[in-house]
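Chain identifiers are assigned alphabetically (A, B, ...) following the order of the sequence lines, protein sequences preceding nucleic acid strands; residue numbering begins at 1 within each chain. Quick note: numbers below take in every heavy atom, side chains included, and nothing from hydrogens, waters or symmetry partners.
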2 protein chains.
Amino acid sequence: MTASRAEDLSRQFKAIADPNRLRLISLISSSAANEACVCDLTEPLDLGQPTVSHHLKILVDAGILHREKRGVWAYFSLVPGALDSLAGVLTEAQ
Amino acid sequence: MTASRAEDLSRQFKAIADPNRLRLISLISSSAANEACVCDLTEPLDLGQPTVSHHLKILVDAGILHREKRGVWAYFSLVPGALDSLAGVLTEAQ
DNA sequence: CCCGTGTATTGACAACTGTCGATATAGCTC
DNA sequence: GAGCTATATCGACAGTTGTCAATACACGGG
């Protein structure tokens, strides 16, 4: 594996390598329309709104979540195939 | 997902969320007998021996690598199924 | 045009992480 | 046991990360 490929992959793994971000992914994927807004996510995680917004931005920047603004609300959903692609890296390694 | 489950998973993802550790995994899995010693790994990564030993310890503590000492050499190999188990978490999430 | 509300950004701070040099430990060979 | 070699541990340091309070921005309703 080249160094730059390893850098790219580590950026994505770093994005999900945080307990609160793993819970965000879990909450979003298991919610009604497979999407959730920030206000739905602060309470179950017991974190402040800026902190949740920060974590969501990291996941969006990593290409794992999609952000769609409708009116005042920002709805977050999983990018189809993003997690599968990361999973593939792990299964191919062994 | 419970908070403690998320903590456990994040510990494993943190272990692989580093470019040099991803390369270590790649190097070990693609080497001859699916194992390698520290001395084989320092040169391709261009890191010092203490640093490589440190990264390997993190992977062993996370249950991803197995360490077997034979004489003066320490041979590292993938723990069967460890990466598959992590991959499963990602595919099930979506 | 305000006001209220949902979200994003900024600045600050403690905690953690990756790296290195120096040193310690373990095991082989003579 | 002495010396050599492979590996592990320690101490230190810069850089990064997660969190919060404060603030800014964006949008809809009156």
Expressed in angstrom and rounded to an integer, what is the separation of B/Phe13 atom CZ from D/dG18 atom P?
15 Å
Specify the separation, in whole Å, of atom CG of A/Asp18 and atom P of D/dT16.
18 Å
Roughly how many Å is it from CD1 in A/Ile58 to C1' in D/dT19, rounded to a whole number?
11 Å
If you check every side-chain atom of A/Val72, which of C/dT19, D/dA8, C/dT5 has the closest atom?
C/dT5
Could you give the CG-to-P distance, from A/Leu24 to C/dT7, as a whole number of Å?
13 Å
Which sits closer to the 5' end of DNA chain C, B/Lys69 or A/Asp40, going by the nucleotide each is nearest to?
A/Asp40
Rounded interatomic separation in angstrom, taking NE2 from A/His55 and P from C/dT7:
16 Å
Give B/Arg67 one of three labels, base, sugar-phosphate or nothing, depending on what nucleic acid heavy atoms sit under 4.0 Å from its own.
sugar-phosphate
Here's one to test your reading of the geometry: is the NZ or CZ of A/Arg67 within 45 degrees of the ring axis of A/Tyr75 and under 6.0 Å from its centre?
no
Provide, to the nearest angstrom, the distance between the OH atom belonging to B/Tyr75 and the P atom belonging to D/dA6.
11 Å
Mind checking if B/His54 touches a base, just sugar-phosphate, or nothing, with heavy atoms under 4.0 Å?
base
Nearest-neighbour nucleotide for the B/Thr51 side chain, C/dT17, C/dC20, D/dT7 considered:
C/dC20
With nearest nucleotide decided by heavy atoms, which residue, B/Leu56 or A/Leu47, maps closer to the 5′ end of DNA chain D?
B/Leu56
CZ (A/Arg11) and CG (A/Asp61) are apart, to the nearest 0.5 Å, by 11.5 Å
What is the distance, to the nearest angstrom, from the CZ atom on B/Arg70 to the P atom on C/dC28?
13 Å
B/Gln49 CD to C/dT25 P: how many Å, rounded?
15 Å
Spacing of B/Ile28 atom CD1 and B/Arg23 atom CZ [to the nearest 0.5 Å]
13.0 Å
What is the distance from atom CG of A/Leu56 to atom CG of A/Asn20, rounded to the nearest 0.5 Å?
10.5 Å
Side chain of B/Val38: nearest nucleotide among D/dA8, D/dT19, C/dG18?
D/dA8
Select one nucleotide: of D/dT7, C/dT9, D/dT19, the one nearest the side-chain heavy atoms of A/Pro50.
C/dT9
By nearest-heavy-atom nucleotide on DNA chain D, the more 5' of A/Trp73 and B/Ala74 is B/Ala74
Measuring from atom CG of B/Leu24 to atom CG of B/Leu45, what distance do you get when rounded to the nearest 0.5 angstrom?
5.0 Å
Is B/Ser53 near enough to D/dT7 that one of its side-chain N or O atoms lies under 4.0 angstrom from OP1 or OP2?
no
Describe the nucleic acid contact of B/Phe76 in one word from base, sugar-phosphate, nothing, applying a heavy-atom distance below 4.0 Å.
sugar-phosphate
